[in-house]
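Input: a single structure, listed below in C-alpha cells.
Each chain gets a letter, A, B and so on, in the order its sequence line appears, and its residues count up from 1.
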Amino acid sequence: MAAISASGPARGRSAGITLRVALRRVAEAAVTPLALDDVLDVFHPLRGNRGDAGLQGRIVSVTAETEESATILVKPGRDWAGHVPGQYVRVGVDVDGVRLWRTYSLTHGPRRDRNLSFTVKAIPGGVVSNHLVHRVRPGQMLQLEQAEGEFVLPTPIPRKLLLVTAGSGITPVIGMLRNLFSRRVPVDTDIVLVHVNQNESSAIFRDELRAHGAAGHLRLVERYDDAHGILDVNHLDELVPDLGERLTYACGPAGLLDALEKHHADRGLTLTTERFRPVLVEPGEGGTITFADGREVEADGATPILDAAENAGVLMPSGCRMGICMGCVIPMKSGAVRDLRNGAITVAVPGETGPEGVRIQTCISAAAGACHVNEGARSR
Amino acid sequence: MTTITKKDHNPTAHLTPEDIEQLGYELDAIRQDILDDRGDDDAAYIRRVIAVQRRLELASRAVLLGSALPPLWVLGTVGLSVAKILENMEIGHNVLHGQWDWMRDPKIHSTTWEWDMATPAEQWKHSHNQIHHTYTNIVGQDNDLGYGIMRVDEDQRWHPMYLAQPLWNFINACFFEYGIAAYDLELGRNLRIPKEKRSAEFKGNVKKVWAKIRKQATKDYVVNPALGLPFGAFLPALAANFTANVVRNLWSHSVIMCGHFPEGVETFERKSIPDDETRGQWYLRQMLGSANISGSKAMHLMSGNLSHQIEHHLFPDLPSNRYAEVAPKVQALFEKYDLTYCTRPMPQQVYSAWHKVVRLSLPNGWLATTNAKNLPSQLKLLYAMSTKGPKVRRAAQARLQQQARKAAAA
C-alpha cells in the first residue's frame, strides 16, 4: 500500500513512474485488502524490501555451549544490514504462541553466508531464554530488528585492551574477539580477558577462549566464584598489574559493573560497559497511568483504565465495556495491568515486548503498577 | 418468535438470580480452562489456515487465467469460492473478534486486520462486535435481527410490504457483503435524515465504504480478469469472480441466518434487560439467543466455527478452533439448568430460518390457519388485507389470531 500512496503525487507525470512501481501497483490492486508483502511472505519470508513488515530470520542450527546455554545460528532476511562486533540484536520469539522480545549480543565474527548468531544462557524462570536454549528447532522463524549498540571497539584498535566479563557478559566480547582473530593480518593488540563465572562448567566459550590463550592471542584470566571467591575489583590490579595503561571494556551483572565504574572513576581510567537490564516489574494494586500526551492519572486496582481515563477527561476509544468487542484496545508501552475478570497480569517492558508495546483492552484492565499507555496512537 | 417476557411460558422462569450467577461462574471457569491451555498449537492452527487460504486463492486465480476452458473455469471458481469463504469466516470474522490478539503478532491482530469484504473492518467491528454481541437479540437494539429491513417478530405490526420480505432476504443473501456495509453504515436511518443534517462521521464512513468497494471491485472485476486477457479469459474470469462472490455471500448469509433465526431461538424485550445486567444474565441471554449447526469438521471450518454460534456468543474472544471442545461442556450446563440447546443439521436450520422469514412475511396466524382446502379463501383474505387499508387489516388480523389459537388448542 505504501508504494501506491507514495507515488500519488507523481500521478499525471507518467514518465516519472517506473515500470517497477507500475507493476507493483497492479500487483497490490490484485491482492487487496492484503498487501503484496503478505502474499510474498507465504512463499519467501526472507526476501528483501519487506518494508514495514520488518525483518525475519530462519533458525539454521542450535548448538549447545554448556548444559544451560546454546548458540542459535540464524539466516536473516535480505535486508539485514550487518553489524559491528559487540552490538546486539532484538529478537522476537513465539513462546507458547505469544510473541516476546529479548535482546541478545551477536557472538559471531565475519561470515561469508551472512548468517548471524547469538548465544543464550538459560536463566532460571526465564521464559524466552529457556525456550531458546532447550526448545527451538532449526527451521523455525524469528522476528529480528537491525543490530544496535555502542559497545564496540574504536578504530584503530588500541594497543592495549582489558576485557572484563562475567557470565553471559562474554557474549558481546566473544564477537569482538572472533572478529579480531579471524583477520588475515593479525591485529597488533595486547589483550587481557578476565572471564568471571560461578564455576568452570558454566563458563560459556571456555575451551575456545583457552585455545586463544594457548595460541598467544590473548592472556586469559579465568576466575571462578567457587574456586577463587567473588572477584573484588579493588584487587583487579593484582590480576592485571598494568591495567592503568589499558582501555577497559566490561560486560556483566550490575553489581560488578557498578564496582568497576567506581574503581575506574577513582583512578581516572576510561571504561566502556554494556549492561543487560533485568526485568523488574512487580505487579501491584493500582498505580499511575501516563498517557501519550504526558497526562498522568492515578487509578486504584479495581477501576478499569478506561473509566479512570474518562473520569480524568482523557478521550479514549471505547466499545462494549465488558471485554468482548476489542473497540478499546490500545498499546501499553510499559507497565503492568490486571484483567479484572480473572486476575491475569499483562506486563509490558520496553525491549522485551513488541516494538509497539502490548495492546490491552482498557475496559477490563486495571493498573497493576505504573503504566504508560499510548492512547491516541491508533486511528479511529 | 416472541420476546421471552411476552411468552406464555418463559424458559428462564425456573432460574433464581443465584442460579444465574452460578451459571456465570461455571461458564467463566470453562473460558479460563481454555485461556490456561492456549498456546503453540493454536498459533500454528491459525497460521496454517491463513497460509492454506492464501495459497488456495492464488492457485485458483492462476487457474482462472485459463478459464476460457470450461473445466478450468469450474475448478478455479470452486477454489476461489472456498478461499473467499475461508477468508471471511474462519479468518476475517474471528481475527476481527480479537480471538488471536493474545499472540501479539501485529500481522494477525484485530486492530490491524482488513478483509475481503465491502465493509471496512473498523465499521464492522463497531456494529458487530460491539452492538450485536453486546445487545444480542434485544428487539430494537440488535439490528442483526432482520437488519432493519425485515419483520422478525410477531410483535412487529404486519404491513403488506412485508409480503416481499422473502424476496428481499434472497437478494440480500446474494449481495450480502453490500447489505452488511449498508447495515454497518445504518444507511436506512441516515438516509431519512436531510442531507445537510447528516453527521460528519456518517459522511466520512460512507467515503471509506466507497473506497473499500472500489478497491474490492477493481481487484475482482478489473485487475484479475485483465490478467486473463492474453489467454482470452477476461469475461470468464470476471464471471468466475462474480460467481465466487455470490457463492460466498449466499453461504455466509445462510450460516448467519442459522445463528439467530431458527425456531427455538429466543428474543428479548428492551425494557426487560436491566441497566446493570450482570455477567450471568448476559451469559444466559447469549445461551438462549443463539443456535448451533451440527455437522462435520469441514462444515465447522467453512462456517468459521459459527456452527458453534452458542459457544461463540458466550466466548467471542476464544480461538475458534477451541469451540468444538468447549461445546460438550456448554451443552452439559444447558442440561443442568434445564435450558434448550438449539442445534440441528444445516439443512434443517436453514429451512427453519427461511420458514420463519416466510411466516412473518404473512399476517400473524395466516400460515397456521391455512390448508389446501381453504387456500382460495385465505388468499382472498390476504389480498383484502393487503389492499383495503388498516381498518380491514386490523379486523382480519384479530379474526386470524383467534382462529389460530383455537386450532392450536384443538
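- Atom CG of residue B/L96 and atom CE of residue A/M326 lie 11.0 Å apart, to the nearest 0.5 angstrom.
- Contacts of B/S110 with chain A are made by side-chain atoms alone, with heavy-atom separations under 4.5 Å and no backbone atom involved.
- Under the 4.5 Å side-chain criterion, counting only non-hydrogen atoms from C-beta, B/H128 is not in contact with A/C325.
- Only the side chain of A/E356 comes within contact range of chain B, with at least one heavy atom under 4.5 Å from a heavy atom of that chain.
- No donor-acceptor pair under 3.5 Å is formed between the side chain of A/D96 and the backbone N or O of B/D40.
- Interatomic distance, CZ of A/F43 versus CZ of B/R54, reported as 10.5 Å (0.5 Å rounding).
- Using a 4.5 Å cut-off between heavy atoms, B/N224 touches chain A through its side chain atoms alone.
- Annotation: side chain of B/R104 is in contact with side chain of A/V358 (closest heavy-atom distance under 4.5 Å).
- Residues A/N342 and B/D28 are not in side-chain contact: their nearest non-hydrogen atoms beyond the backbone lie 4.5 Å or more apart.
- Interface remark: of the candidates B/D42, B/D317, B/D105, B/T218, B/D105 forms the most heavy-atom pairs closer than 4.5 Å to chain A.
- Minimum interatomic distance between A/G97 and B/A43 (heavy atoms only, all atoms of both residues): CA-CB, 3.8 Å.
- In this structure, the portion of B/W282 lying under 4.5 Å from any heavy atom of chain A is its side chain and not its backbone.
- Between B/H97 and A/I324, the closest side-chain pair of non-hydrogen atoms is not below 4.5 Å.
- Residue pairs meeting the salt bridge (Lys or Arg N to Asp or Glu O under 4.0 Å) criterion with at least one member in residues 301-311 of chain A, sequence neighbours excluded, are A/D307-A/R321, A/E310-A/R321.
- Looking at B/K107 and A/D38, a side-chain N of the basic residue comes within less than 4.0 Å of a carboxylate O on the acidic one, giving a salt bridge.
- If you measure heavy-atom distances from B/L58 to chain A, the contacts under 4.5 Å come from the side chain alone.
- With a 6.0 Å radius and a threshold of 12 heavy atoms from other residues, nucleotides or ligands, B/Y135 has its OH atom at or below the threshold.
- Sparse packing is recorded around CZ of A/R78, with 12 or fewer heavy atoms of other residues, nucleotides or ligands lying under 6.0 Å away.
- Looking at heavy atoms from C-beta onward, B/Q32 lies out of side-chain contact with A/R341 at the 4.5 angstrom threshold.
- We find the CD-CE distance between B/Q130 and A/M322 to be 11.5 Å, quoted to the nearest 0.5 Å.
- Between chain B and the options A/G92, A/G323, A/A30, the largest number of non-hydrogen pairs under 4.5 Å is found for A/A30.
- For B/E114, the parts lying near chain A are the backbone and the side chain together; criterion is any non-hydrogen pair under 4.5 Å.
- Screening residues 216-225 of chain B for salt bridge (Lys or Arg N to Asp or Glu O under 4.0 Å), with sequence neighbours left out, gives B/R61-B/D220, B/K84-B/D220, B/D116-B/K219.
- Looking at B/R31, only its side chain comes within 4.5 Å of chain A, counting heavy atoms on both sides.
- If you measure heavy-atom distances from B/I46 to chain A, you find no contacts under 4.5 Å at all.
- Using a cut-off of 4.0 Å between Lys/Arg side-chain N and Asp/Glu carboxylate O, B/R47 and A/D94 are scored as salt-bridged.
- Taking OG1 of B/T112 as the reference point, atom CZ of A/R359 lies at 6.0 Å (rounded to 0.5 Å).
- Contact annotation: the side chain of A/T346 never approaches that of B/W102 to less than 4.5 Å [non-hydrogen atoms, C-beta and beyond].
- If you measure heavy-atom distances from B/H109 to chain A, the contacts under 4.5 Å come from the side chain alone.
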